[in-house]
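Comments concern the structure below.
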Amino acid sequence: MRYAIVSDIHSNLVAFQAVLDHMRGAGPVEEIWCLGDLVGYGPAPDECIQLLRSHPHVCIAGNHDWAAIGRVDVSDFNPDAAAAIRWTSRHLSAESRAYLESLRLTEVTGEFTLAHGTPRNPIWEYLLSEKAGRVSFDHFQTRFCLIGHSHVPLLCHLDERGRVSLLGIPQDRPFRLKEGRWILNPGSVGQPRDGDPRASYVIYEAETDEFQNFRVTYDIEATQRAMQTLALPRRLVERLSYGW
Ligand code: ZN
């Protein structure tokens, strides 16, 4: 059975649709595991929520999801992000709002814990250092934790001697995560920030216990045009071209 691990879709419907087409092109997907930030930044919040909900899935809340429903203050965001959140908040349907309100901060499915930022602080903390990784392993019980938030694909490993290391995620080939415990960030579907503008996601194949990270080309300009039409901040439009 194949599971798709996606994060930080950020209302980018064109990118999300391209990822769904790509994953289904390789065979059926049992469930989508979505690591938060469905909305914010991009032009199509309701459509992204509806599309996710039309598939079997597990989803948790991210900081942008909570900001859009008023659970965290927009003053905690930079001005461009805050402007996009205010726009999102004004345009969300009642149904989308109720869906975002229903999301929990963490979920456990089999051997996987899902948390947006880190399992210690799912809403705000970034895991970008070995120090943050070391602390995180004390805050979940399963072998694997799946996170998003930084928009950068990443692995963090706790080996059997208690050593923690950060690793790049192998590209375009399957890999296994053996021995010890692991934290995996699949990168971002809707606003990648590792210098590669293509949408990023991970497939987990339960039968072979293999993971694979894919980068998917999508029509970036279509999303940018939609953002311009809605007068979303220019910097948010431009960054999609560069993947930062
Ligand atoms: Zn995000």
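Here, residue 1 is the first one in the sequence, and each next residue gets the next number. These numbers come from the heavy atoms of this one structure, side chains and all, not from hydrogens, waters or symmetry mates. Ligands are counted one by one from 1 in listed order, and the atoms in each one are counted from 1 as well.
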Seminar exercise, completed: Taking 2.8 Å as the strict upper bound, the Zn ion (ligand 1) has protein N, O or S neighbours numbering 4
For this session: Run through H116, H64, H10 and flag the one making a ring pair (Phe, Tyr, Trp, His ring centres under 6.0 Å) with H149.
Result: H116
For this session: Tell me, please, whether W244 has R193 positioned over its six-membered ring: NZ or CZ under 6.0 Å from the ring centre and within 45 degrees of its axis?
Result: no
Problem set entry | side chain to side chain contact (heavy atoms under 4.5 Å, CB included) partners of L154, counting only residues at least two apart | L127, L166, N185
Problem set entry | Geometric cation-pi criterion R215 and Y201, 6.0 Å radius, 45° cone | no
Seminar exercise, completed: The salt bridge (Lys or Arg N to Asp or Glu O under 4.0 Å) partners of D159 (sequence neighbours excluded) come to R163
For this session: List in chain and number order the residues that pass side chain to side chain contact (heavy atoms under 4.5 Å, CB included) with S241, two or more places apart in sequence or in another chain; answer none if no residue qualifies.
Result: Q224
